[in-house]
Amino acid sequence: MVGVDQYATRKGRHYGTFQVDVGSRRPVDLLPDREASSLTAWLAKRPGVEVVCRDGAPFFAEGATAGAPQAVQVADRWHLWHNLSEAAERCVADHRGCLRVLAPSPARPAPEPEKFEDPSGSSWPRGHRFADRTRVNHATVHELLAAGLSRQAIGRQLRMTSRTVRLLADAATPEDLFRGQWHGRPSKLDAFKPYLDDGWNQGCTNAWRAWEEIVPLGYQGSYQRVRAYFREERLSPPRHGSTAVTPCHRRMDPSPAGDPDRGRAPSAQGCSGPLP
């Protein structure tokens, strides 16, 4: 049983093919490209191959068919799980409305979380980790200054840099140190959130597909930021008045950025048997 997949010598530019003995899990050979003709020639020299384990790339399918017509072509375990997860996600998206109908409605609205009033009027309330740590450090530095210690001695005792000690010592109140600390900072994704929200309401819940779609529209941020935003959407309660519909069909099938020749993994419906 031979496993076939691709490797990159320069991601998005140049790819090769590697072969693995699935039984021993050891590499067998490396090819300098991923052309079907190269795989065909490699398999033709090894007529004893009975099973070819591959993904859904068309060049691998063509090469395996021509080079080892006697072999059975199957999907590997990673792609089986990958296809299953995508199918499960589509199924859940299709039945979002059903899940909300089955969810029991609460007898009374949940109480709002208690809000801690900060008499200082700071935008960083009590209970915020950064704010509480800054308040503690500020109070400690000023207590040591009142005790007669120098700033240099305070830095050694608290293991702080001279700049940190100076900022804490010069600030009359901790709130003077909170200005500009991530509060209200704009994100590269802000301009595209209405577009993503519209797609989410239509059932487009795949972060990778959404990222691929907004990049041509001018988005210059990372995929991780889009994934984090979608994770917030999944964990947040349903919005009032939102209705679930079938997944939208405007999204294109994803392919790794810079690699348009890469084929999709075999469909979930064909995972249990030989590949075409």
Side-chain angles (χ1 to χ4, degrees), residues 5-8 10-15 34 54-61 75-103 181-271 275:
D5 209 338
Q6 68 176 2
Y7 68 92
R10 186 176 181 184
K11 190 173 182 180
R13 297 294 184 85
H14 189 269
Y15 290 84
R34 58 179 182 182
R54 63 172 179 84
D55 65 5
F59 36 84
F60 289 155
D76 60 81
R77 181 169 55 183
W78 185 91
H79 284 98
L80 290 176
W81 283 109
H82 180 72
N83 294 336
L84 178 61
S85 64
E86 285 192 338
E89 182 179 8
R90 288 194 298 267
C91 181
V92 172
D94 286 341
H95 296 85
R96 290 171 64 193
C98 302
L99 296 175
R100 290 172 183 169
V101 171
L102 295 176
Q181 293 288 339
W182 311 309
H183 185 66
R185 178 175 295 181
S187 167
K188 293 181 180 179
L189 191 62
D190 290 344
F192 301 91
K193 286 181 179 179
Y195 182 84
L196 296 178
D197 292 342
D198 179 63
W200 180 273
N201 293 331
Q202 296 179 37
C204 301
T205 58
N206 188 297
W208 179 271
R209 296 184 182 183
W211 174 75
E212 282 194 325
E213 192 164 298
I214 62 176
V215 166
L217 301 179
Y219 175 65
Q220 298 180 350
S222 65
Y223 158 71
Q224 286 75 14
R225 190 181 298 271
V226 178
R227 183 178 63 179
Y229 182 68
F230 271 46
R231 176 176 174 80
E232 293 177 2
E233 289 288 337
R234 288 190 177 93
L235 297 179
S236 62
R239 299 176 183 176
H240 178 70
S242 62
T243 57
V245 296
T246 57
C248 65
H249 300 286
R250 64 177 182 174
R251 308 282 181 179
M252 298 179 292
D253 289 341
S255 60
D259 185 14
D261 295 332
R262 178 67 169 172
R264 290 198 65 194
S267 64
Q269 297 176 351
C271 288
L275 294 176

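FYI, the numbering just counts along the sequence from 1.
Taking CG of Leu84 as the start and CD of Glu89 as the end, the distance is 12.0 Å to the nearest 0.5 Å. With values rounded to the nearest 0.5 angstrom, Glu86 atom CD is found 6.5 Å from Asn206 atom CG. If you take OH on Tyr195 and CD1 on Ile214, they are separated by 8.5 Å, rounding to the nearest 0.5 Å.
Between Ala75 and Leu80, the closest heavy-atom pair is CB-CD2, 4.0 Å. Closest non-hydrogen pair, Val226 versus Ala207, comes out as CG1-O, 3.8 Å. Residues Pro194 and Ala191 approach most closely at CD-O, 3.8 Å, considering heavy atoms. In plain terms, the two heavy atoms of Ala8 and Tyr15 that are nearest each other are CB-CE2, 3.5 Å. The two residues Gly203 and Ala93 come nearest to each other via the heavy atoms O-CB, 4.2 Å.
Proximity of a side-chain donor or acceptor of Asn201 to a complementary backbone N or O of Asp197 within less than 3.5 Å is detected.
Scored by the salt bridge (charged side-chain N to carboxylate O under 4.0 Å, His left out) test, Lys188 finds no partners at all (sequence neighbours excluded). Checked against side-chain contact (heavy atoms from CB on, under 4.5 Å), Tyr7 has the following partners two or more places apart in sequence or in another chain: Thr9, Phe18, Leu30.
The aromatic rings of Trp208 and Trp211 sit tilted, their planes meeting at an angle between 30° and 60°.
With contacts defined as side-chain heavy-atom distances shorter than 4.5 Å, the pair Asp55/Trp78 does not qualify. Phe230 is listed as a side-chain neighbour of Leu196, based on a closest heavy-atom distance under 4.5 Å. Here the side chains of Thr205 and Val92 are not in contact, with every heavy-atom distance at 4.5 Å or above.
Within a 6.0 Å sphere centred on CD of Gln220, other residues, nucleotides and ligands contribute 12 heavy atoms or fewer.
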Could you go through the side chain to side chain contact (heavy atoms under 4.5 Å, CB included) check for Phe192 and Glu213 one step at a time?
CA-CA 11 Å; Phe192 301 91; Glu213 192 164 298; over 6 Å; no
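Phe60 does not carry Arg54 over the face of its six-membered ring by the limits of under 6.0 Å from the centre and within 45° of the normal.
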